[in-house]
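All residue numbers refer to positions in the sequence shown, counting from 1. Computation of the quantities below employed the complete heavy-atom set of this structure, encompassing side-chain atoms and omitting hydrogens, waters and symmetry-equivalent molecules.
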Amino acid sequence: MPRRRRLETGTPWVELSTTAQDWKDADPALLAGMLAELHLIRAFEETVLELAGEGLVHGPAHSSIGQEGGAVGSIIGLRTGDGVTGSHRGHHQFLAKALTHVTGGSFDLGALVTDDVQALLQRTLAEILGLAQGFSGGRGGSMHLQWLEAGALGTNAIVGGGVPFAAGNAWAQKHAAQKDADGQPGGGTDLTIAYYGDGSSQIGSVLESMNLAAAWRLPVAFFVENNLYAVSTLIDDVVADTRLSVRGQGFGLPGWKVDGMDPLAVHLATQEAAERLRAGEGSAILEADVYRFFHQNGPYPGSAFGYRTKDEEATWRERDPLVRVGREMQKLGQLDRAAEVAVREQAQAAMAAAVAALVEDDPENAGTRRIRPELWPDPGFVDVGIRSDGRELDALTAAEPARHTGGWRDLKYVDAVAGVMDRRMETDERIVVMGEDVHRLNGGTNGATKGLWKKYGNDRVLGTPISENGFVGLAGGMALDGRFRPVVEFMYPDFMWVAADQVFNQIGKARHMFGGDNDMPLVLRTKVAMGSGYGSQHLMDPAGVFATSPGWRIVAASTAADYVGLMNAALALEDPVLVIEHIDLYPREDRVPEGDLDYIIPPGSAAIRREGADVTVLTYLSMVHHSAEAIEQTGIDAELIDLRWLDRASLDWETVGASIKKTNAVLIVEQGAQGTSYGGWLADEIQRRFFDWLDQPVQRVTGGEASPSISKVLERAAIAKTEEVVAGLERVRAGFGGRAAEGGAR
């Protein structure tokens with residue numbers, strides 16, 4: 001018979017509740033601050049529901065009425081340098097952090113609303129109404145509230161989507177360069193709290209972030225507001241263990257479970273967790289049992305939709321955190337009923353004033369109100385701030401390698417990849433490299449990070465777990481913090497689909513979504529591996545997908561010297577930049593200019609590799625070399641343009657346009673599949689811009705419809721190389737009356 005021994009995790013997990021003595025021991029100023037924030041948030045939320053009922057809130061109104069205790073209790077003890085990320089139901093989280101920032105958590109209950117508090121309430125309401133004076137110029141609305149100055153890093157419409165950013169902010173806090181008494185770099189003591197709900201607790205990004213935070217001992221607390229329902233789905237329906245804080249045990253995270261309707265209990269639990277975080281002992285998880293008094297969205301109770309009972313709602317309403325704090329303060333003689341009523345009346349008056357500043361009677365519809373027309377954003381603001389204007393490159397030295405007149409240094413392309421990163425890490429301590437196997441293999445799987453780990457160590461070259469959604473999101477949080485410039489490697493571009501939320505919904509949209517001012521200095525490196533036999537899930541070209549996704553810049557270098565200049569520019573821009581490499585180029589014997597490799601190739605800098613008059617060939621990466629071979633074989637007088645910068649805003653339209661006006665024909669060449677094609681959008685844009693100069697339709701060379709597969713024969717059949725470019729050129733020649741090659745091209 002086998003022997004059995006009961007195992008214990010050794011990780012603390014406690015339930016904390018308050019006693020009468022805890023309330024007696026609490027600082028009266030703390031309780032007054034709690035009461036003030038609770039009432040201000042409640043009045044704010046009631047106002048939002050009122051306006052939503054009048055049709056003045058465009059979009060959802062996810063009120064936090066009933067849940068305020070969790071946010072106020074956990075945030076009122078924070079300082080401005082601490083960060084919070086919020087959920088889609090995040091008005092209370094945002095307001096608690098913002099109110100604590102402008103008041104220090106200290107309120108005079110007799111004069112509750114200072115000018116700063118009034119301005120905050122009005123500006124927040126303006127954002128929810130979509131108005132220009134809002135924190136994000138009306139772009140963020142109810143679900144995207146951000147005020148970086150206050151440490152409010154952003155609420156998030158994607159369930160669980162903001163949690164990786166919180167981990168990244170905590171990484172930046174931990175590693176921020178501070179000086180201790182001996183003048184040596186030392187970590188700070190700021191912390192971050194990631195708020196999410198019971199519905200988010202099943203999301204992979206949350207669990208991936210927990211793992212990273214635990215492994216790297218980051219000062220981040222995972223705060224789950226368990227309100228029992230994800231819209232109408234009861235937590236019991238979707239999990240076997242409803243004790244959501246127990247999940248910390250699997251990652252070695254100590255946990256606190258607390259009654260979220262008791263703000264003091266939440267505060268005490270958070271303070272205990274904060275001591276751990278500020279001491280550098282690692283992360284923690286807190287679970288607060290709360291209850292939203294209304295439905296997922298709008299001014300109706302959940303019982304109106306049949307998924308909750310009125311009795312259940314009434315039971316929870318009896319535990320209202322506002323009532324709890326007021327009652328306890330009255331017991332202690334710190335407040336009387338009249339003063340409590342006055343607090344509520346002041347909060348309501350503040351909201352009435354905010355509404356009066358934003359809303360007016362509708363002169364065309366008696367008895368109704370409308371948004372004041374002059375407060376709407378200018379429609380011209382719609383595309384402002386998708387990316388930076390690039391002025392950060394102005395002070396740097398731009399150079400064109402093809403015009404270099406000095407000496408050259410021979411090396412392989414992949415050594416230039418590692419070499420320029422080494423140079424930049426040497427001169428810029430903000431740069432941090434991260435990805436799977438970028439460290440211990442001494443260069444990753446292809447040698448692209450060779451020597452960096454040994455030279456710069458674990459603090460700047462981070463080998464990550466296999467969790468792209470988690471670690472690229474963490475890098476996004478680092479970039480948003482502004483003190484670091486993460487360089488993330490995706491071993492293969494197909495893995496971006498695993499991390500699509502963080503790549504496209506979070507990182508790509510962050511600047512524009514929050515008003516156009518957020519810098520997001522992040523570089524994402526990946527390689528096209530067509531021809532390597534790795535099959536359908538490892539071989540895609542990501543250019544087409546990223547080119548149709550707002551916010552991203554894209555570079556693709558066909559030579560080592562170009563790679564240096566393009567990577568230098570990517571690392572200087574305040575935007576997310578996708579840097580695409582190609583496995584065929586890595587071993588290619590190449591050269592770079594002698595010197596420090598500090599020049600840049602700025603956006604809008606295509607290179608004409610061959611001048612010609614018959615057709616403009618537009619391409620990038622290894623297909624530049626295949627196209628050159630094809631032009632030589634066909635004898636067609638083609639102008640070969642290496643695009644280098646591929647995104648809509650950075651592409652060199654001047655060079656492309658001048659060539660098209662000369663040749664009157666275009667052939668776009670790429671290697672990958674038709675469905676995710678880069679050339680698809682480019683062909684459309686070209687015919688719109690240059691239709692009058694085209695003597696025939698834009699021609700394209702691509703791979704096949706399917707992703708490349710494992711068989712060597714089938715893989716070759718699925719991708720484009722020199723032979724396919726030859727056929728494409730012959731097709732162009734046929735368009736001018738010449739004889740096309742047999743079989744044509746895809």
Do we see a donor-acceptor contact under 3.5 Å between the side chains of S64 and H91? no

Tell me whether the guanidinium CZ or amine NZ of R317 lies under 6.0 angstrom from the six-membered ring centre of F294 and within 45° of its axis. yes

For D519 and P521, indicate whether the former's side chain and the latter's backbone hold a donor-acceptor pair under 3.5 Å. no

Would you say the side-chain atoms of S283 pair up with the backbone N or O of L218, donor to acceptor, closer than 3.5 Å? yes

Could you check whether D481 and Q173, counting side-chain N and O atoms only, form a donor-acceptor pair closer than 3.5 Å? no

Would you check if there is a donor-acceptor pair between the side chains of Q146 and S136 at a distance under 3.5 Å? no

Taking all non-hydrogen atoms of both residues, which atom of Q122 and which atom of A354 are closest, and how far apart? CA-CB, 3.9 Å

Criterion salt bridge (charged side-chain N to carboxylate O under 4.0 Å, His left out) against D575, the qualifying member of R485, R511, R391, R387: R511

Could you check whether E360 pairs with R369 (Lys NZ or Arg NE/NH1/NH2 to Asp/Glu carboxylate O, under 4.0 Å)? no

Start with the C-alpha distance between F504 and F546, add both sets of side-chain angles, then the distance that settles ring pair (Phe, Tyr, Trp, His ring centres under 6.0 Å), and finish with yes or no. CA-CA 8 Å; F504 300 120; F546 277 83; 5.0 Å; yes

If only side-chain N and O atoms count, and only distance matters, is there a donor-acceptor pair under 3.5 Å linking D198 with S201? no

Between H295 and Y300, is a ring pair (Phe, Tyr, Trp, His ring centres under 6.0 Å) present by the stated rule, with each step listed? CA-CA 6 Å; H295 177 55; Y300 304 101; 8.7 Å; no

If we count only N and O atoms by modelled type, under 3.5 Å, do the side chains of E328 and Q334 hold a donor and an acceptor together? no

As a test of understanding, state which of D289, D262, D259 forms a salt bridge (charged side-chain N to carboxylate O under 4.0 Å, His left out) with R319. D259

Do Q118 and T114 meet the criterion of a side-chain donor-acceptor pair at a distance under 3.5 Å? no

Quick one: sort the H175 and F484 rings into parallel, tilted or perpendicular, breaks at 30° and 60°. perpendicular

Between the main-chain N or O of G470 and the side-chain N or O of Q502, is there a donor-acceptor pair closer than 3.5 Å? no

Does any N or O in the side chain of K509 come within less than 3.5 Å of the main-chain N or O of G551, such that one atom is a donor and the other an acceptor? no

When you look at E225 and S87, which way does the side chain to side chain donor-acceptor pair (under 3.5 Å) test go after all the steps? CA-CA 10 Å; E225 293 180 317; S87 63; 4.5 Å; no

Is the cationic atom of R139 (NZ for Lys, CZ for Arg) positioned less than 6.0 Å from the six-membered ring centroid of F514 and within 45 degrees of its normal? no

Between the side chains of S142 and H62, does any donor sit under 3.5 Å from an acceptor? no

Nearest heavy-atom neighbours spanning L38 and P263: CD1-CG, 4.1 Å

Side chains of R89 and Y196: is there a donor and an acceptor less than 3.5 Å apart? no

Just checking, is any N or O donor in the side chain of D336 or Q330 under 3.5 Å from an acceptor N or O on the other one? no

Could you walk me through whether Y229 and Y307 pass ring pair (Phe, Tyr, Trp, His ring centres under 6.0 Å), step by step? CA-CA 9 Å; Y229 294 92; Y307 64 88; 5.4 Å; yes

So, the side chain of W171 versus the backbone of A166: is there a donor-acceptor pair under 3.5 Å, distance only? no

Testing the 3.5 Å rule here: is there a donor-acceptor pair between the side chains of W256 and E287? no

Within a radius of less than 6.0 Å around CG of D115, do more than 12 heavy atoms belonging to other residues, nucleotides or ligands occur? no

Within a radius of less than 6.0 Å around CG of D517, do more than 12 heavy atoms belonging to other residues, nucleotides or ligands occur? no

Before you tell me yes or no, could you show the steps for F44 and H92 under ring pair (Phe, Tyr, Trp, His ring centres under 6.0 Å), namely the whole-Å CA-CA distance, both residues' side-chain angles and the distance that decides it to 0.1 Å? CA-CA 9 Å; F44 183 94; H92 58 321; over 10 Å; no

Have a look at E68 and tell me which of R42, R324, R292 forms a salt bridge (charged side-chain N to carboxylate O under 4.0 Å, His left out) with it. R42

E313 side chain to S303 backbone, donor-acceptor under 3.5 Å: yes

Strictly distance-based, threshold 3.5 Å: is any side-chain N or O of E127 a donor or acceptor partner for the main-chain N or O of G138? yes

